[in-house]
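Letters A, B, ... mirror the listed sequences (proteins, then strands); counts begin at 1.
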Number of protein chains: 2
Amino acid sequence: METTIKHIAQITKVSYATVSRALNNKKGVKAETRTLVLSAAKKLNYQPNAIARGLVKKETYSVGLVIPDITNPFFPEVARGIEDQANEAGYSIFLCNTNWEDSREIRSIRVLTEKRVDGIIIAPTASRLDFLEEILPRGIPVVFVSSAAKNSEHSSVVIDNILGGFLATNHLIEAGYRDIGFIGAPKDSLTLDERLEGYKMALRKHNLIINDDFIQLGDFRRETGYNIIKRMVGEGEYPRAVFAENDLLALGVIQGARELGLLVPEDVAVVGFDDIPFAAFPEIQLTTICQPKHDMGKIAFDLLLERMTDKESGIRKKRIILEPELVVRRSSC
Amino acid sequence: METTIKHIAQITKVSYATVSRALNNKKGVKAETRTLVLSAAKKLNYQPNAIARGLVKKETYSVGLVIPDITNPFFPEVARGIEDQANEAGYSIFLCNTNWEDSREIRSIRVLTEKRVDGIIIAPTASRLDFLEEILPRGIPVVFVSSAAKNSEHSSVVIDNILGGFLATNHLIEAGYRDIGFIGAPKDSLTLDERLEGYKMALRKHNLIINDDFIQLGDFRRETGYNIIKRMVGEGEYPRAVFAENDLLALGVIQGARELGLLVPEDVAVVGFDDIPFAAFPEIQLTTICQPKHDMGKIAFDLLLERMTDKESGIRKKRIILEPELVVRRSSC
DNA sequence: GTTTTTATTGTAAACGTTTACTATAATATT
DNA sequence: AATATTATAGTAAACGTTTACAATAAAAAC
């Protein structure tokens, strides 16, 4: 049977209040008895019960991380940043994949609150951000990462998606391309809106027309980029350059184009978004907009920690907007 | 303030035992009062406190997942398999990265047991597997994934690493290569031993000598493969084909070789291990040994669940050994 | 119309901690 | 030497559930 504080009290012949104090290095316990208790604890291989402690202290030192899909190479980097920082501060993280499903996102959040996590970090599934805000239990600290409603009452770390979209598109234009397509993920996505906005800004700045036929939406998977470019080329009219909303899509576009005998970047140039590790590979060399993923994770946890520890004192919510960075590689010049 | 079972009892004027029974759909509560309780619960937006429940029921419906690094593309797939299955069974998972550090591995395990997880899945940091067995708290179900001591008292899902090593090497030999190198990760790693064993088996089978200079160890990072091949080539004598212990290393080897002006596979052929998603990319086309990563995760959780639910009944530990599969792509022919 | 059975509810203890409060012993102050 | 102060230890309540057991009410059996 599991050894508890009471067992220690029994064999050391002190009250279990004293045992608790000794184990937690509280003041007001004689050095002598403390060592007595400590050695008994070690002998009995005592492991404090965090559940019991959590019940009385009302804090669990656990936080939830809700992301669409850890299999998408953007997220492991962010998750790692979060976990590293959490680990340092003594927190554990619950990982929840939503698989881009609203229902699973909602369920994850419910489970996390039932488990009384001290806070939640969410990389929201694209759609229904407003709805998400509604479902979120009040009182528990929440931080959004990667995408967040502007008017949210919660802290967030995001990248300047408009600027990112602009940088990508502007780069293509300055490299001499005129017919530039946009391939992105589902409607109602906030990042979509913003990156698309940046794309349009760049076109407008250079007095290029916006061709809606060249704006194609789907999801974030590589296959989707692959299918879309193939369809466009098949239909005869296709853009000479593509800005894809993430690197996976971009890689799909490249693959599709190549299979059709098109050269990248000569026949069609491609720019992605995220700068996942593989984008830098010599065989890939994808031009892309870099997001500081690990930092994003770190910052997200720091914001959460701020909220968690200073719950009462009126720490204002913060919105950290990170700078995107254009990384030019071979897929665009 | 948080609504509890007592508040519901108060406004419905039944005892809180009855409330508990009603909420948990236990038999022996009148339909009438049940709906009364349920509607009160909804009105008060009641969320059961899993911590309190965990304390009395002695189960938390949480499990720990301890892996070296979620950033290594092998692990997200496994993690996803685990989480999908866990999710289905109503469990949440704590994600712990050890960063290949023993100390962090040990700490993770301690924290998890303090949090009274119902079970732990470990993809062990390479070294000191025996030591790990020792540190593991007795009584709590554990499952090893991807690598496990043969004589472990715990269940495990692994791949037949010897066979994998054999398949890879044998393939290179049959493709006509004779000087075949092995690049692997740290000593004391069980997977290393086994894959190396398979490599040697294949060489012996074809009466090729084993050249210890062509067996180089480091870690699992791409840079390492890159550096090792560069050093070998720089020193003049290098293998015409390389079996790398994982895909990341293999990709590093390819990159290093190419930078030195060598053609892959003409001048040096490369085979990896894992079949991470990017290995299949048209630009990469890495020949490799495929591990069924998602399935591995699923099975790992199933084994754990078996252990967790049938704790008393003498469910024997199981060792599931999955079949590796050679996937031939362009890096080797 | 009793007695037996069954359905429903309530009481209280338990899970393993922390902590406010009280009690005692030891030491310092005068 | 009496009093005030401080250091140390103990008692008991609390955290929010579940559940064994007891109690009551209703229904069934006779």
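The closest side-chain donor-acceptor pair between A:Asp302 and A:Gln85 falls under 3.5 angstrom. Side chain to side chain, A:Ser92 and B:Lys115 meet the donor-acceptor criterion of an N or O pair below 3.5 Å. At a cut-off of 3.5 Å, with distance as the only test, a side-chain donor of A:Thr98 or A:Thr125 sits close to an acceptor on the other residue. Side chains of A:Asn99 and B:Arg80: a donor-acceptor N/O pair is present below 3.5 angstrom, by distance only. Counted by atom type alone, A:Asp118 and A:Thr60 present one or more donor-acceptor pairs between their side chains at under 3.5 Å.
Of all heavy-atom pairs spanning B:Val63 and B:Tyr91, the tightest one is CG1-CD2, 3.7 Å. The minimum heavy-atom distance between B:Pro76 and B:Ile70, with the atom names listed, is CG-O, 3.2 Å. B:Ile159 approaches B:Pro292 most closely through the heavy-atom pair CD1-CD, 3.8 Å.
Remark: A:Ser155 engages A:Val143, A:Leu303, A:Arg307, A:Lys317, A:Lys318 in a side-chain contact (heavy atoms from CB on, under 4.5 Å) (not counting sequence neighbours). Every ring pair (Phe, Tyr, Trp, His ring centres under 6.0 Å) that A:Phe94 has, sequence neighbours left out, goes to B:Phe94.
For DNA chain C, the span of nucleotides reached by chain B at under 4.0 Å from its heavy atoms goes, 5' to 3', from C:dT8 to C:dG16.
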Test ring pair (Phe, Tyr, Trp, His ring centres under 6.0 Å) on A:Phe220 and A:Phe74; report intermediate values, then the result. CA-CA 11 Å; A:Phe220 278 129; A:Phe74 172 74; 9.2 Å; no
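Contacts with DNA chain D (heavy atom under 4.0 Å) in residues 26-48 of chain A: A:Gly28, A:Val29, A:Lys30, A:Thr33, listed by number.
Using a 4.0 Å heavy-atom criterion, one finds that B:Ser20 contacts the bases of the nucleic acid, with or without backbone contacts as well.
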Contacts under 3.5 Å, N or O only, protein and nucleotides 10-12 of chain D:
| residue | atom | partner | partner atom | Å |
| --- | --- | --- | --- | --- |
| D:dG10 | OP2 | A:Ser15 | N | 2.6 |
| D:dG10 | OP2 | A:Ser15 | OG | 3.3 |
| D:dG10 | OP2 | A:Thr18 | OG1 | 3.2 |
| D:dG10 | N7 | A:Arg21 | NH2 | 2.8 |
| D:dG10 | O6 | A:Arg21 | NH1 | 3.0 |

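Helix bend of the helix from C:dG1-D:dC30 to C:dT30-D:dA1: the angle between its two end axes, each built from five pairs, comes to 50° after rounding to 10°.
At least one side-chain heavy atom of A:Leu44 sits less than 4.5 Å from a side-chain heavy atom of A:Ile8.
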